[in-house]
Amino acid sequence: MTLLDYFAQNLANFWFALGALSLVIELVVLGMSTIVLFLVGLGSLLTALLIYLGIVPNDWLASFAVMGVLSFLLGVALWKPLKQYQS
């Protein structure tokens with residue numbers, strides 16, 4: 001079984017891994033210099049949680065759409081506090 005086959009069968013694990021990797025890169029490597037990767041990480045973790053709970057269907061198209069919408073909504077909600085934190 002390849003890694004792609006594993007993630008295709010366990011989509012929530014893919015989103016957990018992507019979210020964790022995005023947050024680690026943003027916080028450790030980039031030092032919160034860009035907010036986009038932070039928002040993608042949070043959106044990915046929330047998408048994984050929603051897939052795990054059975055709220056979002058276990059397919060790629062729905063999960064990418066939910067991740068994009070969640071990242072956008074988190075960006076709108078957290079923009080001002082994160083900009084203040086950044087400066």
Side-chain angles (χ1 to χ4, degrees):
M1 174 185 281
T2 65
L3 187 61
L4 291 176
D5 291 333
Y6 174 76
F7 282 142
Q9 293 173 3
N10 303 302
L11 196 55
N13 292 343
F14 169 77
W15 289 112
F16 276 125
L18 181 68
L21 183 65
S22 297
L23 289 175
V24 166
I25 289 172
E26 178 65 40
L27 296 173
V28 175
V29 177
L30 299 176
M32 283 298 285
S33 61
T34 63
I35 296 174
V36 175
L37 208 55
F38 181 74
L39 295 173
V40 168
L42 288 179
S44 297
L45 291 176
L46 286 174
T47 301
L49 180 66
L50 292 174
I51 291 172
Y52 182 73
L53 294 175
I55 297 171
V56 174
N58 195 14
D59 68 340
W60 288 101
L61 184 61
S63 62
F64 269 105
V66 168
M67 192 275 299
V69 169
L70 285 174
S71 295
F72 175 76
L73 292 175
L74 286 168
V76 169
L78 297 175
W79 185 260
K80 204 168 213 175
L82 288 175
K83 285 301 271 187
Q84 289 175 353
Y85 173 74
Q86 197 177 30
S87 59

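Sequence positions, counted from 1, serve as the residue numbers for this chain.
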Nearest-0.5 Å distance that lies between atom CG in N10 and atom CH2 in W15: 14.5 Å
Atom pair CG (D59) and CZ (F64), whose distance is rounded to the nearest 0.5 Å: 11.0 Å
Beyond-backbone contact of V36 with E26, side-chain heavy atoms, under 4.5 angstrom: no
Side chain to side chain donor-acceptor pair (under 3.5 Å) against S71, all qualifying residues, sequence neighbours excluded: none
Hphob cluster co-occupancy, L61 + L70, side-chain heavy atoms under 4.5 angstrom: no
Atom pair CG (L42) and CG (L74), whose distance is rounded to the nearest 0.5 Å: 6.0 Å
F16 atom CZ, over 12 foreign heavy atoms within 6.0 Å: yes
Atom pair CG/CH2 of L39 and W79 - distance to nearest 0.5 Å: 8.0 Å
Joint hydrophobic cluster, V28 plus L37, side-chain heavy atoms closer than 4.5 Å: no
Distance-minimising heavy-atom pair for A12 and A48: O-CB, 3.4 Å
Cluster check V29, V24: I/L/V/M/F/W/Y, side chain < 4.5 angstrom: no
Minimum heavy-atom distance between G41 and S22, given as atom pair plus value: CA-CB, 3.7 Å
Point-to-point distance, once rounded to the nearest 0.5 Å, from CG of L27 to CZ of F38: 6.0 Å
Connected hydrophobic set around F72, excluding itself, where side chains approach under 4.5 Å: V69, L73, V76
Nearest atoms (heavy-atom pairs only) where L11 meets S63: CD2-OG, 3.6 Å
Partners meeting ring-ring contact (aromatic ring centres under 6.0 Å, His included) with W60 (sequence neighbours left out): F14
Interatomic spacing from CG in L18 to CG in L23 - rounded to 0.5 Å: 9.5 Å
Closest heavy-atom pair and its distance - A62, P57: CB-CG, 3.8 Å
